[in-house]
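The structure appears below as structure tokens.
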Amino acid sequence: NVSICGSDGRGHLIPDLKMVEVFSGVGLHQQSTTGSENARLNEEVKLYENAREREDYDNRANVFAILQTIQALEKAYIKDAVNAADYSHWCVLLLDQFKAAFKLVKGESFPDVEVFARKYVMDCPAALERIKEDRPITEKGGNQSKSIAEIVSLFITVMDRLRLEIRAKDELHPDVKELFETMGRMRMLPPTFEGRVKVKKWLDTLNAMNPADELSPEQVRDMLFDFESGYNDFNRFLAHS
């Protein structure tokens, strides 16, 4: 992880600035530099003159940091370094944070995020595209209803397999994995949703098994109970949404 911003101790992000002294034509004639010139060269350049200007730079730093983070997340997903469920969760969170942060800098100087990116010479095309679409790449327009139907179908499929005493990892794992990832793509479903947590528990259990391994009869009963309660949790959530 690369930190592009520091902190002022109050939770605000501020740019990590360093004074850079540039020397050219190093030679004996440099020894004649006067004391006043030395003092001017070593003088610290301030970005702000008062608390209001400082807050403005803090707000810009927040936007800068979020844009860089979204860009990094997009690249990680493209490289398959993060799974779809985690990607969707963090993408939704970052998009919400961006909208809140950009409101604080939007104005005549920065009418939109593209102007902001050009101003600070940012190379973040994937982040700009994600902000423009305002949704994770895993969630296409109109996919909410489709995701709900897929989740219901996958819950029922897994439960039917367990009732038929199908216990092998290679027969259960694909549907459980797809169920977990589909639930992760639903923006309306919180990451801590109890039904999703139960599915994740059994996905972890199956991930730790060899392909030819089977669940024990006790595990099948426990898994079926968790999936039935998770399915009911999901239906209750939809009814109250």
Side-chain angles (χ1 to χ4, degrees), residues 1-6 13 15-16 59-103 105-106 110-151 153-154 158 169-170 172-193 195-197 199-209 211:
N1 293 329
V2 179
S3 176
I4 60 175
C5 295
L13 296 173
D16 183 12
N59 293 335
R60 296 185 194 188
N62 284 333
V63 173
F64 187 97
I66 294 170
L67 280 171
Q68 292 286 67
T69 306
I70 294 174
Q71 177 72 16
L73 179 63
E74 292 296 302
K75 292 175 70 174
Y77 181 69
I78 291 170
K79 294 177 180 178
D80 202 27
V82 58
N83 64 49
D86 288 339
Y87 162 80
S88 298
H89 165 62
W90 289 112
C91 188
V92 169
L93 179 63
L94 286 165
L95 289 174
D96 287 343
Q97 289 179 341
F98 169 80
K99 282 181 276 191
F102 194 71
K103 284 181 181 178
V105 302
K106 187 174 183 179
F110 303 113
D112 54 53
V113 65
E114 287 82 3
V115 173
F116 183 95
R118 287 196 298 271
K119 167 71 174 178
Y120 293 106
V121 198
M122 299 184 69
D123 182 20
C124 54
L128 295 177
E129 181 65 21
R130 195 56 38 231
I131 289 167
K132 180 180 178 181
E133 293 189 4
D134 192 29
R135 59 175 178 257
I137 196 171
T138 51
E139 182 181 314
K140 303 300 181 183
N143 266 18
Q144 197 80 282
S145 297
K146 181 181 178 182
S147 293
I148 292 173
E150 289 177 349
I151 289 169
S153 175
L154 287 165
V158 173
K169 171 187 174 173
D170 58 359
L172 294 172
H173 183 269
D175 288 333
V176 175
K177 182 174 183 290
E178 186 177 353
L179 173 58
F180 178 72
E181 292 181 349
T182 305
M183 295 177 83
R185 289 195 292 269
M186 282 192 64
R187 296 181 66 172
M188 63 185 291
L189 202 62
T192 55
F193 174 64
R196 184 167 181 256
V197 172
V199 173
K200 178 65 163 59
K201 178 182 107 174
W202 287 103
L203 179 59
D204 290 342
T205 298
L206 293 168
N207 282 337
M209 297 168 60

Side chain to side chain contact (heavy atoms under 4.5 Å, CB included) with P174: which residues, sequence neighbours excluded? none
Would you please name every residue forming a side-chain hydrogen bond (donor to acceptor under 3.5 Å, both in side chains) with N207, sequence neighbours left out? H173
Roughly how far apart are L172 CG and T205 OG1, rounded to 0.5 Å? 11.5 Å
I66 and A101: which non-hydrogen atoms are nearest, and at how many Å? CD1-CB, 3.8 Å
Residues forming a salt bridge (Lys or Arg N to Asp or Glu O under 4.0 Å) with K200, sequence neighbours excluded: D204
What pair of heavy atoms forms the shortest contact from V199 to V176, and how long is it? CG1-O, 4.0 Å
Under the rule for side-chain hydrogen bond (donor to acceptor under 3.5 Å, both in side chains), what residues qualify as partners of K99, not counting sequence neighbours? D134
Under 3.5 Å donor-acceptor pairs involving side-chain atoms of residues 84-98, not counting sequence neighbours:
residue: D86; atom: OD2; partner: N83; partner atom: ND2; Å: 3.3
residue: Y87; atom: OH; partner: E74; partner atom: OE1; Å: 3.4
residue: Y87; atom: OH; partner: E74; partner atom: OE2; Å: 2.6
residue: Y87; atom: OH; partner: I137; partner atom: N; Å: 3.1
residue: S88; atom: OG; partner: A84; partner atom: O; Å: 2.8
residue: S88; atom: OG; partner: T138; partner atom: OG1; Å: 2.6

Where do K169 and P211 come nearest, in terms of heavy atoms and distance? CB-O, 3.9 Å
What residues, two or more places apart in sequence or in another chain, satisfy side chain to side chain contact (heavy atoms under 4.5 Å, CB included) together with A81? A76
Side-chain donor-acceptor contacts of residues 177-185 below 3.5 Å, not counting sequence neighbours, with atom names and distances?
residue: K177; atom: NZ; partner: E181; partner atom: OE2; Å: 2.8
residue: T182; atom: OG1; partner: E178; partner atom: O; Å: 2.7
residue: T182; atom: OG1; partner: R185; partner atom: NH2; Å: 3.2

Anything under 3.5 Å between a donor and an acceptor, one on a side chain of residues 110-123, the other on a protein residue two or more places apart or in another chain? List them.
residue: D112; atom: OD1; partner: E114; partner atom: N; Å: 3.1
residue: D112; atom: OD1; partner: V115; partner atom: N; Å: 2.9
residue: Y120; atom: OH; partner: R60; partner atom: NH1; Å: 2.8

